[in-house]
Engineer: 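Got a structure here, written out as C-alpha cells. Questions coming.
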Amino acid sequence: MKLSSYFLPVLKESPSEAEIVSHKLMLRAGMISQSSSGIYSWLPLGLKVLKKIENIVREEQNSAGVNEILMSTIQPADLWKESGRYEDYGKEMLRIQDRQERSMLYGPTNEEQVTDIFRRSIKSYKELPQLLYHIQWKFRDELRPRFGVMRGREFLMKDAYSFDLDLENSERSYNKFFVCYLKTFERLGLKAIPMAADTGPIGGDMSHEFVIISNTGESDIYFDKNILNQGEKISEINYEDDLSALVQNFKNYYSASDEKFNQKEFDKNVKKELQMTSKGIEVGHIFSFGTKYSESMKANVLDSNGKEGPVYMGSYGIGISRLVGAIIEYSHDESGIVWPLEVAPFQIGLVNVKSNDEKAKKVADEIYQSISSQNIDILYDDKSDNAGVKFSRMDLIGLPFQVIVGNKAISDNLVEVKNRKTGETSEIKIDNISDRIKELIF
Ligand code: 5CA
C-alpha cells in the first residue's frame, strides 16, 4: 500500500476527549472515528488490526474444533421472554419495534438465540457435544461508555457456546475453551491471567475472566506471582488429551478480580512476597451455567437410557474490538504504538526520505515491489512531506520494522532497517534487503 493513496487521517495533538493512552493513540493514528458516544467507525488502519485479531481468534477456535456460525444482530424479544432475561437485562438492552410492532432487540449476547438454534435440531446424546461460535457486533447501552473501544456501546465479540449431556462433559468443554483462550492470548502477544470471576447477568456458578495487567484497566486484580509462569508449553497442547490437570494447575494459584477478592483467602494462600496487586483489562470471560437456559427454553436431549433432560451449557466470550485498545495499552512508548508482529496492520513501513531524488525514488519503488510480491504487508511512505513528519508518523502508527531510504541509498547503496520496539537500526545493502526482511518476519 502506498501512503499517497491510503486514508490515514493522523492527528498531531491528542484529542481532549481521550483519557487513556490507547484511545488517544487510536484517534491520533487515524484508526477509528467516533460516530456517537461509545460507537465508532473503523478506518483502514484500525480495521486491518481488528481483522488480524479476529483471524487469530478464529483460527484458534477452529483448531479447538469449534464450528463457526453467524447469528443475526437483531433478535426477537420472545426468545428473551422465554429465558426470563428480557426484563432482567434492564436499560443496557437496546429495544426496537419493527413496523408490525413486534418487539425486537439488538443482541447484547446470544445465549437465547443459540439455544433456540440448538433445540430445533439436536435431540440426542449421540449428537453431543456441540460447540458453536460466532464473531458478531453487540450492542450494550452502557451507562458510562469510556476509554474508546475498551468500553464501547457497540463492540465486536467472539462468543462461543457449548452443549453437553451432563456436568462432567460440560466441564470438559469448559476446559477446552480455558486452554484455547490461553493459546489465543499468547499468540496475540499478551499474558492473560485466568481469574475466578462473578457471573453477572449471564449467570451460572463457574466463571473465569482472562485479564491482562495494565495501569488503565478497570478492574483491581490480586494474584499469586507464580501464576505468570504457568502454561509455558501451551501452544503444543493437544485438545484430545485430558486438559483437567492443566486447568486445575492454574486454578491452584490464587487469582481474583475485585468482586471475588477476599483478603483473608489471599493471605492464607499466598506468601506476602508473592502477592501481586494491579489494575487489569478483562479481554475474555468464560461461563459454565448448566441448565439455566435449557430448562427455561426446553432444550432437552435424550440420554443413553432414553431419558429426557435439559442440556448443559456454557458460554465463552472474547472482546475483539476491546483487544485492539488492550494491545496498545500493553505495547506503546512515548512516540506511539508498538504493534506485536502478529497483529500489526503492516509488518514493514518503507520511508523514502528523499522523495525528490530520482535514485532514491527508484530504490524505494523497487524495494516496495519486491517486498509486496512476497506476501508481506508493507506501507510505503511515498509522500513529499519532510523527514521529521515522516519519521514521527511512522513511529506513531507503530509498524514493527521500518526501512529507511535516505542519503546513503544514493551515495553507498545502503538502506537503514529500524526495529520499532528496540529502536535498534542497522545498515543493509540494497541488494540484501529482501532477504533481511524475510529473516525478520518469517
Ligand atoms: N455471553 C457471554 C460470553 S459469550 C458474555 O457476554 N460475556 S461478557 O459479558 O463477559 O463479554 C465477553 C467479553 O466481551 C468481555 O470479556 C470483554 O472483553 C468484552 N466486552 C464486554 N463488554 C464490552 C464493552 N462494553 N465494550 C467492549 N468490549 C466489551
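Both counts, for ligands and for their atoms, begin at 1 and track the order of listing.
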Engineer: Between Asp303 and Lys307, does any NZ, NE, NH1 or NH2 come within less than 4.0 Å of an OD or OE carboxylate oxygen?
Structural biologist: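 Judged by the 4.0 Å cut-off on N to carboxylate O distance, Lys307 and Asp303 do not form a salt bridge.
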Engineer: Flag Glu111 as yes when one of its N or O atoms lies below 3.5 Å from any N or O atom of ligand 1, and as no otherwise.
Structural biologist: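 Between Glu111 and ligand 1, an N or O pair is found under 3.5 Å apart.
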Engineer: State the atoms of ligand 1, each with its element, that fall below the 4.0 Å cut-off from a heavy-atom position in Gly284.
Structural biologist: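 Matching atoms, with element in brackets: 16 (O).
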Engineer: Can you find an N/O atom of Thr109 closer than 3.5 Å to an N/O atom of ligand 1?
Structural biologist: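 N/O-N/O distance below 3.5 Å exists for this pair.
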Engineer: Between Asn62 and Tyr133, do the side chains contain a donor N or O and an acceptor N or O under 3.5 Å apart?
Structural biologist: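 Yes, a side-chain donor-acceptor pair sits under 3.5 Å.
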Engineer: Would you check whether Ser321 reaches within less than 4.0 Å of ligand 1, judged by its heavy atoms?
Structural biologist: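 Contact check Ser321 vs ligand 1: negative.
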Engineer: Going by the closest heavy atom to atom 14 (O) of ligand 1, which one wins out of Glu92, His285, Met157?
Structural biologist: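 Ranked by closest heavy atom to atom 14 (O) of ligand 1, first place is Met157.
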Engineer: Considering only the protein, which heavy-atom contact is closest to atom 26 (N) of ligand 1, and what is its distance?
Structural biologist: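 Atom 26 (N) of ligand 1 sits closest to the protein heavy atom Gly152 N, 3.0 Å.
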Engineer: Return yes if some donor-acceptor pair links the side-chain N/O of His134 with the main-chain N/O of Met71 below 3.5 Å, else return no.
Structural biologist: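 Side chain of His134 to backbone of Met71: a pair is present.
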Engineer: I would like to know whether Arg420 and Asp333 meet side-chain contact (heavy atoms from CB on, under 4.5 Å); could you show each step before the answer?
Structural biologist: CA-CA 10 Å; Arg420 172 67 182 84; Asp333 61 19; 2.7 Å; yes
Engineer: With backbone taken as N, CA, C and O and side chain as the heavy atoms from C-beta onward, which portion of Arg140 lies under 4.0 Å from ligand 1: side chain, backbone, both, or neither?
Structural biologist: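 Within the 4.0 Å criterion, Arg140 contacts ligand 1 through side-chain atoms alone.
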Engineer: Name the closest protein heavy atom to atom 13 (C) of ligand 1, giving the residue it belongs to and the distance to 0.1 Å.
Structural biologist: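 It is Gly319 N, 3.9 Å.
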Engineer: Would you please determine whether Ile286 falls within less than 4.0 Å of ligand 1 on a heavy-atom basis?
Structural biologist: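 No; Ile286 lies far enough from ligand 1 that no heavy-atom distance drops under 4.0 Å.
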Engineer: Among Arg146, Glu282, Arg151, Lys158, which one has a heavy atom closest to atom 15 (C) of ligand 1?
Structural biologist: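 Going through Arg146, Glu282, Arg151, Lys158 one by one, Glu282 has the nearest heavy atom to atom 15 (C) of ligand 1.
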Engineer: Using modelled atom types and a 3.5 Å cut-off, is there a donor and acceptor pairing between side-chain atoms of Arg119 and backbone atoms of Met297?
Structural biologist: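 Indeed, once roles are kept as given, a pair shorter than 3.5 Å links the two residues.
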Engineer: Using the six-membered ring wherever Trp is involved, compare the ring planes of Phe266 and Tyr222 and label them parallel, tilted or perpendicular (cut-offs 30° and 60°).
Structural biologist: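 Rings of Phe266 and Tyr222: perpendicular, as their planes differ by over 60°.
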Engineer: Go through the side-chain N and O atoms of Asp382 and Ser4 and say whether any donor and acceptor fall under 3.5 Å apart.
Structural biologist: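 Yes.
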Engineer: Please state which protein non-hydrogen atom is closest to atom 22 (N) of ligand 1 and give its distance, to 0.1 Å?
Structural biologist: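 Here the closest protein heavy atom is Phe155 CZ, 3.5 Å.
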Engineer: Below 4.0 Å, non-hydrogen atoms only: which portion of Val149 touches ligand 1? Side chain, backbone, both or neither.
Structural biologist: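 For Val149, only backbone atoms sit under 4.0 Å from ligand 1.
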Engineer: Say whether Glu142, considering both its backbone and side-chain N or O atoms, lies within less than 3.5 Å of an N or O atom on ligand 1.
Structural biologist: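 Between Glu142 and ligand 1 (N or O atoms, distance only) the closest approach is under 3.5 Å.
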Engineer: Does Phe287 approach ligand 1 within less than 4.0 angstrom via side chain, backbone, both or neither, non-hydrogen atoms only?
Structural biologist: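 Side chain only; the backbone of Phe287 stays clear of ligand 1.
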Engineer: Give me the residue, atom name and distance of the protein heavy atom closest to atom 5 (C) of ligand 1.
Structural biologist: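 Looking at atom 5 (C) of ligand 1, the protein heavy atom closest to it is Ile202 CD1, 3.7 Å.
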Engineer: Could you go through the side-chain contact (heavy atoms from CB on, under 4.5 Å) check for Met93 and Tyr106 one step at a time?
Structural biologist: CA-CA 7 Å; Met93 182 186 275; Tyr106 195 112; over 6 Å; no
Engineer: Could you find the nearest protein heavy atom to atom 17 (C) of ligand 1 and give me its residue, atom name and distance?
Structural biologist: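 Result: Arg322 NH1, 3.5 Å.
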Engineer: If hydrogens are left out, which of His134, Glu154, Met150 has an atom nearest to atom 27 (C) of ligand 1, that is, the closest non-hydrogen atom?
Structural biologist: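 Selected option, by shortest heavy-atom distance: Met150.
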Engineer: Counting heavy atoms only, which part of Val283 comes closer than 4.0 Å to ligand 1: side chain, backbone, both or neither?
Structural biologist: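 The part of Val283 near ligand 1 is the backbone, not the side chain.
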Engineer: Side chains of Gln263 and Asp267: do they bring a donor and an acceptor to under 3.5 Å?
Structural biologist: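 Yes - a donor-acceptor pair under 3.5 Å links their side chains.
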Engineer: Tell me yes or no: between the side chains of Tyr316 and Ser162, is some donor less than 3.5 Å from an acceptor?
Structural biologist: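 There is such a pair (donor and acceptor under 3.5 Å, judged by atom type) between the side chains of Tyr316 and Ser162.
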Engineer: With a 4.5 Å limit on heavy-atom distance, are the side chains of Ser22 and Glu329 in contact?
Structural biologist: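 Of all side-chain heavy-atom pairs linking Glu329 with Ser22, at least one is under 4.5 Å.
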Engineer: Is the side chain of Gln75 donor-acceptor paired with the backbone N or O of Thr109 at a distance under 3.5 Å, no angle test?
Structural biologist: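 Flag set: sc Gln75 to bb Thr109 pair under 3.5 Å.
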Engineer: Could an N or O of ligand 1 be found under 3.5 Å from any N or O of Asp159, whether backbone or side chain?
Structural biologist: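 Checking ligand 1 against Asp159, no N or O pair falls under 3.5 Å apart.
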